[in-house]
Amino acid sequence: MKLRDVVAEKQVIVCCGAGGVGKTTTSAALALSAARLGRQALVLTIDPARRLAQALGIPPTGKEPVEIDATVLAHKGVAVPDGGSLFAWMLDPKVVLEGVVDRFAPSEADAERIRKSRLYQALGDVITGLQEYTAAEALYAFQQEARYDLIILDTPPSRNALDFLDAPRRLARFLDERTLSIFAPDPNKKMGAVLRAASSLVATALSRTFGPSFAEELQSFLGAFGKLFDKMRIHADGVRTLLRSDKAAFIVVASPDEAALSEAVYFKGRIKDLGLTTEGFILNRSYASDQPVEAPGDLKGRLGDHAPFALRDGLDHLEPLAEVERARIEQDRKLLAELREEGEETGQGALALPFLDEVVEDIPALRILSDYILAAR
Ligand SMILES: Nc1ncnc2c1ncn2[C@@H]1O[C@H](COP(=O)(O)OP(=O)(O)OP(=O)(O)O)[C@@H](O)[C@H]1O
Ligand SMILES: [Mg+2]
C-alpha cells in the first residue's frame with residue numbers, strides 16, 4: 001500500500017523507530033496529510049519539541065485533544081477540505097492515568113482515595129512501562145469514541161517503545177492478584193494461613209521502613225487499584241486486537257546514519273515478534289530525492305573560456321563541496337533502496353522525506369513533508 005493510501009484508509013498508524021529520527025515530526029506530518037485528504041485526524045505525540053507543540057497549539061497538560069483551527073492552517077498555506085480536521089494531544093502518563101482512574105474506579109470515593117495517595121502521585125516513576133501503557137490506553141479510548149477517522153500514535157525514544165503492546169501484561173504482573181493480596185488483603189476474602197502470615201509480615205516491614213501511615217496508604221491504594229485491574233486487562237486485549245487488525249499500520253521511521261538500516265530492521269523484527277506487520281519505512285531527513293548537483297567542472301566547461309576568471313575560479317573551489325553533496329545523495333539513495341527491499345514483502349516499501357534546512361517545527365514545514373507523503377511533489 002502506498003503511504004498516501006495508508007493515510008487515506010487506515011484507522012490507526014503507529015510510528016516507531018530509533019531515538020531522534022523524526023518520529024514525532026513524521027507523526028504530525030502524517031496527521032496533517034490525513035486532514036488534507038478530508039479526514040478527521042488525531043495525533044498523539046510524546047514529548048514533542050516545544051516549538052512543534054506551540055505550532056500545533058498543544059498545551060502541555062491538556063485533558064482533551066485540541067483542534068488546530070482550519071483558518072490557522074489556511075493562513076499557513078494548508079487547505080483542509082470540508083470534513084477534514086487536525087487534532088493533537090500530548091501523551092502525558094499522569095493525565096491519562098487520571099482518566100483511567102476516573103473512568104474505572106468503582107466509586108467516586110475509590111477514585112478520590114487513589115488520587116489522594118502519595119503513591120499515586122509517584123506512580124509515574126513507580127511502574128515501568130507506564131508511558132507505554134498510557135499510550136495504549138489513550139489509543140484504545142479514542143478509538144472506542146470513534147470520533148476520529150485516523151489516530152496516529154507517536155512512540156517514545158526507546159528500543160523498547162513497542163513494549164506498550166506488552167505493557168498491560170507487565171502491569172498485570174505488578175498488580176498480580178497474589179502480590180496484591182499480600183500487600184492489600186481483601187477483607188471479604190478468606191486467606192490461607194501462609195498468605196495471612198506473609199501479609200502481616202509485609203505490613204510490619206512496610207510500617208517499620210516507611211512509617212505506619214505509608215503502609216496503610218499503600219494498602220489502601222493497591223486495594224482500590226486492584227479493582228481497576230480487570231477492566232484494564234480487557235482493554236489490553238482490545239488494543240492488541242485493534243493493532244493486529246488491518247485497520248492499523250506500523251511505520252518505521254529511519255534517518256540516514258550508519259546504524260539506520262540495522263535499527264530499522266530491528267524495529268521490523270520487533271513488530272514481527274509481536275505478531276504484527278510493518279507497513280513500510282520512512283527515510284526522514286534524507287537527500288535521496290534531491291536532484292544530483294551538476295559538477296562545477298561541467299558547468300565551467302559549458303561556460304567556456306570567455307567566462308570571467310573569478311567565476312571559473314569560484315567553480316573550481318566548489319568542486320569538493322559538490323563532491324560531498326553527490327556522495328551524500330548517492331548514499332541516501334542506496335539506503336532508500338535497501339529499505340524499499342526490506343519493506344517490499346509486506347507493504348509499501350519506503351518513502352524518502354527531505355532534509356529541511358529551515359526549522360521543521362512549524363506548519364509550513366510540516367506541509368512540505370506532507371506534500372511528499374501525499375506524493376504531491
Ligand atoms: N525532515 C527533517 N528535516 C530537518 N529536520 C528534521 C526533519 N525531521 C525532524 N527534524 C528535526 O530533528 C529533530 C528530531 O525530530 P523528532 O523530535 O521528530 O524526532 P523523534 O524521533 O520524535 O525524537 P525522539 O526519539 O527523541 O522522540 C527535531 O529537532 C526536528 O525538528
Ligand atoms: Mg519524539
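When a ligand or atom number is given, it counts from 1 through the structure's own listing order.
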Under 3.5 Å, is there a donor-acceptor pair between the side chain of [X] and the main chain of [Y]?
X	Y	answer
Asn284	Val21	yes
Thr278	Gly280	no
Arg39	Val7	yes
Lys10	Asp246	yes
Glu319	Gly297	yes

For ligand 1, protein residues within the heavy-atom limit of under 4.0 Å are Gly19, Gly20, Val21, Gly22, Lys23, Thr24, Thr25, Pro157, Asn284, Arg285, Pro354, Phe355, Leu356, Val360, Glu361, Leu369
Looking just at side-chain N and O atoms, do Thr24 and Asp154 make a donor-acceptor pair shorter than 3.5 Å?
yes
Does Ser27 bring an N, O or S atom to within less than 2.8 Å of the Mg ion (ligand 2)?
no
